[in-house]
Asker: 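I'd like to ask some things about the structure below.
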Amino acid sequence: MAAGVAAWLPFARAAAIGWMPVANLPMPVAPAEKNKRQDELIVLNVSGRRFQTWRNTLDRYPDTLLGSSEKEFFYNEETKEYFFDRDPDVFRSVLNFYRTGKLHYPRYECISSYDEELAFFGIVPEIIGDCCYEEYKDRKRENAERLMDDQEDNKDAKLPNMTFRETMWRAFENPHTSTMALVFYYVTGFFIAVSVITNVVETVPCGSAPNQKEVPCGERYTVAFFCMDTACVMIFTVEYLMRLFAAPSRYRFMRSVMSIIDVVAILPYYIGLVMTDNEDVSGAFVTLRVFRVFRIFKFSRHSQGLRILGYTLKSCASELGFLLFSLTMAIIIFATVMFYAEKGSSSSKFTSIPASFWYTIVTMTTLGYGDMVPKTIAGKIFGSICSLSGVLVIALPVPVIVSNFSRIYHQNQRADKRRAQKKARLARIRISKTGSSSAFLHSKRNGLFNEALELTGSTEDEKRLSKSTSLLESQHHHLLHCLEKTTVSAHTLELALCHNNILNHEFVDEQYYQQSYLEGGLQNYPSRSPSLSSQDGVTGTCCTRRTKKHHTPLPNASAPAHMQPLTHTHTHPQGLQELSTIHIQPLSTSRSSLNMRVDEPAPLNCQSSQITTAIISIPTPPVTTPEGDAHLPAGPTHQNVVKVSAL
Amino acid sequence: MLTMNLEGLEMIAVLVVVVLFVKVLEQFGLLESGYDDSVEDELELSAVRHRPEGLEQLEAQTRFSRKELQILYRGFKNECPSGVVNEDTFKDIYSQFFPQGDASTYAHFLFNAFDTDHNGSVSFEDFVMGLSILLRGTVQEKLNWAFNLYDINKDGYITKEEMLDIMKAIYDMMGKCTYPVLKEETPRQHVEVFFQKMDKNKDGVVTIDEFIDCCQNDENIMRSMHLFENVL
């Protein structure tokens, strides 16, 4: 039942009195309206813009948010209004739906934001009115296509375990994946060109001996041309077989257009080989050579424009069909008329209706060869009408085809542009994301910094630092910190029992993690042992894990094999800034230096115990430059490891 | 014969040329044509924009309070912004309440019952007057109204044919999917029952007095008259 009609329900019920005298049975009891309220205005405050409507208006659609009791969740007691923190512009359309019963889609609105708002208010998009439904569907389809494009691009990412067959197929489909594919692409392109040119040149008359008539080059240099042809066909055959081998679904590949073109291109040669010089068949053989021209269609793999053209023609099949049909109709009509008009004139070329077809076609397409002209007056009149209508009939479907082509072409261009920009976009997005994760490490440092400062008793710095993180951030970081503390590494449980210190996992920077974990393996958990430290005087109690490759010899080999402390004795100058270097000489002699060497990436894993020193160095933080410097490399010089050692 | 053919064709050709010439002249506006466009324009202009009488007058004429009239008018105007309901819109609105059957015939009779001045459209006054009787009127008035509904040609008598029409219209609203299945003669039988009850002097028609008398004696009908009193 539509919205406005709900207002007429009282009328319909009243009119039911008309049935009463006719009814034989007693009527059921009418539903009592419990606490019937007077219709009142309610205020809907959407992001500051106030909308007011009758409560009954909203009650028309009880299965939406505003029509049901769900809106009570948004009721604000103090201001006695319903507050929604949503887009007020889209809300206009939503509220109008209640008022008029029709949902409209504003054209300037982004389709996904509109969809979200509709989903929020519990309205199904299918009830969009006819006036706006087409537009909505079109936009939605475009959006879905764009999403699918993006997804397809993602699929290009190299999967680690691709079989040889799959790699080959990918190389064939997308020549930019590897150098070999590119080479193959260009070689085949070259040979297609060579083959086509050969076919063309074959028929050109070369110079001839004085007593003979002109012969085409093909007959003069038979062997050379034959060799060229053979070579090209060899290449094409090999290519076709390779594609067939690599195709994921051979049956589907064999049915595809490109493979049919391939087959048609090379078949004449083989048929020619097989056939003998039989006189009867050689005529057919000559015909077959025509099919060699199909090799030029192989270029469509190399040219996107050609593919688009083909696709356009395919998608405009109905328009082309209409063009053809209407042309045929017109040709028949005019040919008939012309034939009868010219029947009387002597030596008329219009000998039959099919003979007039030629005249009609030539006239309608405004070619006008002039080999057939009408001589009678009637013929001339009808001939001129024929040419005028020809222009019209041909001009009508052509713009449709053109606009289709333009749309598809621009879509492709946009897709290409987007793909090109994608890398840069993704890089920037990634930088801003790492910004947030390093913020955690940053604040951890700050937190411990604070603790360290507390020791020294300076409060102003502490206040300054604590202001920089918002409440949300600090809560988030606390949460991550708790998670860190919860996870106890299995290896160190043993140690803990012996050494009474529990090590836990820590968050590290993503790249850092990737480098170390993907290239190496989890190695060792050094833990501090006093004996080691005393030996060097400079011990890293920070835990590092070495990769298999970069294995620095340790001064102390007495430690168990899986525990090898790392000694870092110097700060790596590149990319690290020493923002605050605080060496608080601890009670013990150990000192932790928390620098990471660039060439020895290793993930943090443990924490040292007795150190009270604070962080030494902070690498160039992406936190402060969330937009990402242009030169911020993704490489290892951009370590963002902050290790905290504290008691 | 050949020359005849040619002449015939030449005549056709000349005719074609003349027609084209005329079209070109029309294009230049030298020949007026297209006389059927203006009629449509007139119709558009005469689209009715009706405003009801003032609120006070309606208050006086009907038994609704001011607030109720306001609510009624808002609903009315929402669905019919032009201020009047013509029969098609009326049928449309009424059919939406009975989706499973065909309510158009009954809506037609209902429309005629509301359209007291028989001008082909129901204005807000007609609407409100009708509702006032149905919801706030005395039993007498309601029965009067019902009689008026059944009496299709408004001659003061309900004949069997009229009643049959009404009955068929009511059964049409039920639609096809009923249990038990409606048979062809059900409306007719219903009419017979009705006439047996109502037609006291067995003259084949029911007058207003017979009707009111009979209904007042029937308990079911009396009770059902009060059924919709608290609507609105």
Side-chain angles (χ1 to χ4, degrees), chain A residues 1-33 36 38-40 53-54 56-57 60 98-101 336-346 374-385 388, chain B residues 2-3 5-6 9-14 16-17 20 67 71-72 74-76 78-79 92-94 96-99 106 109-110 113-114 127 130-131 133-135 142-143 145-147 149-150 163 166-167 170 190 193-194 198 211 214-215 218-221 223-225 227-232:
Chain A
M1 215 169 61
V5 179
W8 285 63
L9 187 60
F11 154 74
R13 298 180 71 198
I17 289 193
W19 309 332
M20 299 305 146
V22 180
N24 296 325
L25 302 164
M27 291 292 140
V29 180
E33 277 177 77
K36 174 180 170 159
Q38 284 289 338
D39 202 6
E40 52 179 7
T53 183
W54 297 108
N56 282 354
T57 314
R60 287 180 189 158
Y98 286 90
R99 292 185 182 130
T100 63
T336 314
V337 169
M338 290 308 293
F339 172 68
Y340 283 111
E342 288 288 305
K343 204 162 171 193
S345 79
S346 55
K375 296 201 175 60
T376 61
I377 296 181
K380 287 188 178 158
I381 290 176
F382 285 115
S384 40
I385 296 175
L388 285 175
Chain B
L2 280 172
T3 37
N5 275 352
L6 280 177
L9 268 174
E10 273 183 5
M11 250 179 18
I12 296 175
V14 168
V16 167
V17 170
L20 284 173
K67 255 199 175 310
I71 296 174
L72 278 172
R74 279 204 292 264
F76 186 83
N78 212 15
E79 195 63 21
D92 213 15
I93 295 172
Y94 198 71
Q96 301 212 23
F97 292 105
F98 305 100
Y106 189 72
F109 296 131
L110 208 53
F114 268 90
F127 180 71
L131 274 187
I133 296 175
L134 287 172
L135 297 177
K142 288 182 193 172
L143 289 172
W145 189 89
F147 186 83
L149 173 69
Y150 301 146
M163 205 57 224
I166 301 265
M167 204 60 77
I170 295 180
H190 205 140
V193 168
F194 179 78
M198 298 280 166
F211 183 73
C214 183
C215 289
D218 188 329
E219 224 180 78
N220 276 338
I221 298 179
R223 201 166 346 140
S224 60
M225 283 290 140
L227 196 62
F228 295 113
E229 253 161 23
N230 54 356
V231 168
L232 198 72

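The chains referred to below are lettered A, B, ... by the order of the sequence lines, with proteins before strands, and numbering in each begins at 1. Keep in mind that what you see is a predicted model, and the values were worked out from it rather than measured.
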Asker: What residue in Phe114(B), Phe98(B), Tyr106(B) has the most heavy-atom pairs under 4.5 Å with chain A?
Answerer: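 Most heavy-atom pairs under 4.5 Å with chain A: Tyr106(B).
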
Asker: Got a sec: does the CD1 of Ile377(A) have more than 12 other heavy atoms crowding it under 6.0 Å?
Answerer: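 Not more than 12 within 6.0 Å, no.
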
Asker: Checking side-chain contact (heavy atoms from CB on, under 4.5 Å) for the pair Val22(A)/Ile166(B): CA distance, chi angles, key distance, verdict?
Answerer: CA-CA 10 Å; Val22(A) 180; Ile166(B) 301 265; 5.5 Å; no

Asker: Show the nearest heavy-atom pair for residues Ala15(A) and Leu110(B), with the distance to one decimal.
Answerer: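 For Ala15(A) versus Leu110(B), the nearest heavy atoms are CB-CD2, 3.7 Å.
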
Asker: Write down the atom of Phe194(B), the atom of Pro21(A), and the distance for their closest heavy-atom approach.
Answerer: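 So the minimum-distance heavy-atom pair works out to CE1-O, 3.8 Å.
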
Asker: Could you tell me which portion of Phe109(B) (side chain, backbone, both or neither) has an atom closer than 4.5 angstrom to a non-hydrogen atom of chain A?
Answerer: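 Neither the backbone nor the side chain of Phe109(B) comes within 4.5 Å of chain A.
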
Asker: Below 30° counts as parallel, above 60° as perpendicular, anything between as tilted: where do the rings of Phe11(A) and Tyr94(B) land?
Answerer: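 Because their plane-to-plane angle is over 60°, the rings of Phe11(A) and Tyr94(B) count as perpendicular.
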
Asker: Using heavy-atom distances under 4.5 Å, tell me whether Ile17(A) contacts chain B through its side chain, its backbone, both, or neither.
Answerer: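 Contact with chain B: backbone and side chain both.
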
Asker: Tell me the closest heavy-atom pair linking Leu131(B) and Ala14(A), and the distance in Å.
Answerer: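 Heavy-atom minimum between the residues: CD2-CB, 3.5 Å.
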
Asker: For the CG atom of Leu134(B) and the CZ atom of Arg13(A), what is their distance to the nearest 0.5 Å?
Answerer: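 If we round to the nearest 0.5 Å, Leu134(B):CG and Arg13(A):CZ are 13.0 Å apart.
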
Asker: Please look at Trp19(A) and chain B and tell me whether the side chain, the backbone, both or neither of the residue comes under 4.5 angstrom of a heavy atom of that chain.
Answerer: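 Backbone plus side chain of Trp19(A), per the 4.5 Å heavy-atom cut-off to chain B.
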
Asker: Measuring heavy-atom distances to chain A, does Phe147(B) have an atom under 4.5 Å in its side chain, in its backbone, in both, or in neither?
Answerer: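 Looking at Phe147(B), nothing touches chain A.
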
Asker: For a side-chain contact (heavy atoms from CB on, under 4.5 Å) check, start with the C-alpha distance between Val17(B) and Ile381(A), then their side-chain angles and the critical distance, and finish with the verdict.
Answerer: CA-CA 8 Å; Val17(B) 170; Ile381(A) 290 176; 3.9 Å; yes

